Amino acid sequence: MCGIVGYVGPQQAAPILMDSLCRLEYRGYDSAGIAVRDGDGHTTVVKAKGRLKVLSEKIDGGRTLKGCIGIGHTRWATHGEPNEANAHPHISGSEPDDSAVVGVHNGIIENYAELKEKLVKAGYIFYSQTDTEVAVKLVDYYYKKYPTPSKAIAKAMMRIRGSYALAILFNDHQNQIWTARKDSPMIIGVTKGETFIASDVPAILKYTQDIYYVGNCEMACVEAGKVSFFNIDEEQLEKETVHITWDANAAERGGFEHFMIKEIHEQPKALQDTLNSLLNDGRLDITKSGITPEIARGISEISIVACGSAWHVGMAAKYVIEDIARIPVRVDVASEFRYHCPILQENALVIVISQSGETADSLAALREAKSRGIRTLAILNVLGSSIAREADHVLYTLAGPEIAVATTKAYSAQMLIGYVLAVELAFERGVIDEEKYKYYIAQLQTLPDKAEGLLEDKERIQWFASKFSTAHDAFFIGRGIDYAVALEGSLKMKEVSYVHSEAYAAGELKHGTISLIEDGTLLVGILTQNSLYEKTVSNMVECKTRGAYLMAVATAGHYDIEDTADFTIYVPNIDEHFAGSLTVIPLQLFGYYSSVSRGLDVDKPRNLAKSVTVE
Ligand code: F6R
């Protein structure tokens with residue numbers, strides 16, 4: 001949440017900062033600002049409420065601000081409403097020119113009220129409601145006592161509770177940007193004579209693919225073409241760069257109208273690349289994560305922890321792993337898991353699923369499991385992310401950078417890893433034989449092509465979505481794996497099109513919610529599980545009798561569904577365990593086209609931001 005960028009080098013900083021901020025706008029978009037220092041040592045701060053383009057218009061894309069060093073921020077408000085005063089950067093003084101220390105911040109400072117009180121007593125005057133202004137003034141307070149940036153920041157870090165990534169300019173150190181972080185990401189890229197900082201890889205991918213990660217509770221001093229790292233004791237640290245294989249073009253829209261539709265189309269490739277990375281000589285191989293056959297055999301239960309769509313992946317994986325590998329699986333929302341002290345067996349495996357690898361609750365859940373000595377496996381998309389660095393084992397989805405706020409391709413690639421785990425664990429534990437093992441692998445190998453085929457049917461979904469673009473409510477139902485996918489279909493609908501939508505286990509609807517069904521209410525039934533087909537159809541009929549308009553997503557062959565449903569999408573046949581990866585595609589398209597028909601900003605839905613790094 002929120003995006004940070006920084007630049008120091010021979011070029012004009014502002015246009016570079018604005019360009020990088022554009023690539024980070026998905027992390028927050030209620031206000032933005034930049035600070036640029038000119039050749040005379042004067043730092044100018046410009047901020048604007050609203051989307052980045054408002055800021056861009058104010059400074060002509062950055063061209064009106066001169067100077068070769070600067071920082072920028074795009075905000076997702078936590079403390080203080082989205083307005084110009086609360087937008088970052090923040091300054092140490094109370095007047096615009098009084099900017100001995102200027103900073104931007106991601107995260108939440110939990111004890112900001114207590115720190116603010118201390119600073120007010122010390123004579124500081126506050127102009128915003130943000131916790132960031134407190135952090136910047138706190139650094140200034142310590143800088144006045146201990147006038148070196150590293151000491152001042154380290155002292156502030158010791159006082160601050162919560163999560164933060166900070167980028168700071170000190171007026172006394174004209175050619176440096178200082179950064180520090182705890183539980184919120186920060187990366188640095190150094191090329192010939194230039195240095196870039198960012199909270200997220202896509203912001204600087206265009207300039208370099210070799211990246212330094214600032215570690216937890218570490219600081220960095222950034223100058224043109226060089227960077228030095230320090231721990232909180234101000235001892236210098238040596239670091240190696242990590243090479244990011246993501247293609248810089250992958251973070252561009254590439255001819256598509258929105259990132260979301262581009263990423264929906266990238267799913268066959270995400271599935272293929274992820275599967276290929278887990279295949280070795282025609283057999284599944286997860287040993288590169290460090291999960292050996294012995295470890296696989298010793299797992300007594302699995303606990304999956306995640307948030308949002310990644311939690312929906314967990315819900316689907318539970319059905320698949322329990323059925324194929326016969327291992328008990330529980331699934332928890334990370335924000336609940338971290339506080340309710342779940343009972344875990346000694347040989348449990350806790351699986352954390354996260355696209356960004358930075359979600360605050362998922363990271364905390366991982367730490368909770370580790371603190372109890374439980375083995376952890378993370379399924380992640382972003383290399384080098386916080387969760388990647390702390391988990392015992394990691395399996396990566398090869399989905400490439402995901403820019404649209406609503407996840408699509410990362411979800412699909414995560415589902416695939418869930419299937420791979422189910423089949424591999426089943427085989428290693430002797431639950432399935434060689435023939436069944438090979439059958440499942442062969443089925444998985446058909447997924448990318450079948451997903452591709454589904455994308456060809458998108459015009460029908462587009463037509464249907466435009467017909468329903470004025471709907472107020474939608475319900476998604478299914479049983480078993482279909483229920484897990486209903487959760488995701490419903491979330492896609494509500495988050496990007498703002499149509500109120502709920503997902504229910506089909507059999508549960510009549511225990512209360514059916515009272516909401518009235519003439520014309522849209523009900524989407526998902527039907528891929530043969531043994532549950534008739535039961536879900538009955539539940540759909542119950543709603544139709546009460547006036548619902550029925551859309552069905554069914555496996556090809558069940559053509560009789562057209563006697564009941566008003567609109568049907570068929571998905572190709574595949575082993576039922578893996579059908580969720582196909583049914584989700586029309587549901588993603590439905591959410592996307594509903595949003596487009598309503599004229600909404602698909603890639604940046606209101607109130608949301610990608611990568612939720614605060615609680
Ligand atoms: C919804 C969506 C979110 C994320 C959730 C977890 O489309 O993208 O629900 O799935 O915020 O994010 P990660 O996977 O980064 O931990």
Side-chain angles (χ1 to χ4, degrees), residues 1-3 26-28 76 106 163 183-185 199-202 258-261 263-264 267 270 304-317 331-338 351-366 378-388 390-391 394-397 399-415 417-418 476 484-485 487-498 501 503 584-585 587-592 594-595 600 602-615:
M1 329 206 87
C2 304
Y26 63 97
R27 300 217 30 164
W76 185 89
N106 287 353
S163 61
D183 296 343
S184 203
S199 52
D200 220 355
V201 174
H258 299 104
F259 277 110
M260 184 173 174
I261 190 71
E263 289 164 5
I264 289 173
Q267 288 180 107
I304 302 181
V305 196
C307 300
S309 294
W311 174 70
H312 298 161
V313 171
M315 292 292 283
V331 189
D332 284 281
V333 167
S335 54
E336 291 296 311
F337 179 96
R338 64 183 290 189
I351 303 180
V352 177
I353 307 176
S354 174
Q355 186 283 128
S356 61
E358 300 293 348
T359 301
D361 287 320
S362 303
L363 178 60
L366 177 93
I379 299 175
L380 306 171
N381 196 42
V382 178
L383 197 79
S385 53
S386 299
I387 296 178
E390 295 189 30
V394 180
L395 286 171
Y396 284 104
T397 49
E402 195 176 61
I403 308 291
V405 165
T407 183
T408 52
K409 59 177 180 171
Y411 168 93
S412 286
Q414 289 162 352
M415 287 274 269
I417 293 193
F476 289 69
V485 178
L487 289 166
E488 180 61 7
S490 171
L491 180 60
K492 288 286 95 74
M493 184 68 164
K494 64 188 140 198
E495 70 180 330
V496 295
S497 74
Y498 314 154
S501 164
V584 78
I585 293 175
L587 301 182
Q588 294 166 341
L589 287 167
F590 189 40
Y592 171 76
S594 300
S595 176
L600 302 172
V602 184
D603 285 337
K604 300 186 193 78
R606 69 180 175 212
N607 304 337
L608 296 179
K610 200 155 184 82
S611 187
V612 183
T613 51
V614 296
E615 268 194 64

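When a ligand or atom number is given, it counts from 1 through the structure's own listing order. Just so it is clear, the model here is predicted, and its values are computed rather than measured. One-based numbering along the sequence shown. Values below: every heavy atom of this structure, side chains too, minus hydrogens, waters and symmetry copies.
Checking Thr359, Val305, Thr397, Leu366 one by one against Ser354, the side chain to side chain contact (heavy atoms under 4.5 Å, CB included) holds for a single residue, Thr359. A side chain to side chain donor-acceptor pair (under 3.5 Å) with Glu358 holds for exactly one of Ser386, Ser385, Ser163; it is Ser386. Gln588 pairs with exactly one of Lys409, Met493, Gln267 by the side chain to side chain contact (heavy atoms under 4.5 Å, CB included) rule, that one being Gln267.
Between Ser356 and Glu402, every side-chain heavy-atom pair lies at or beyond the 4.5 Å cut-off. Between Thr407 and Glu488 there is a side-chain heavy-atom pair separated by less than 4.5 Å.
Thr408 pairs by the side-chain hydrogen bond (donor to acceptor under 3.5 Å, both in side chains) definition with nothing, not counting sequence neighbours.
Residue-level contacts of ligand 1 at the 4.0 Å heavy-atom threshold are Cys307, Gly308, Ser309, Ala310, Ser354, Gln355, Ser356, Thr359, Val405, Ala406, Thr407, Leu491, Lys492, Glu495.
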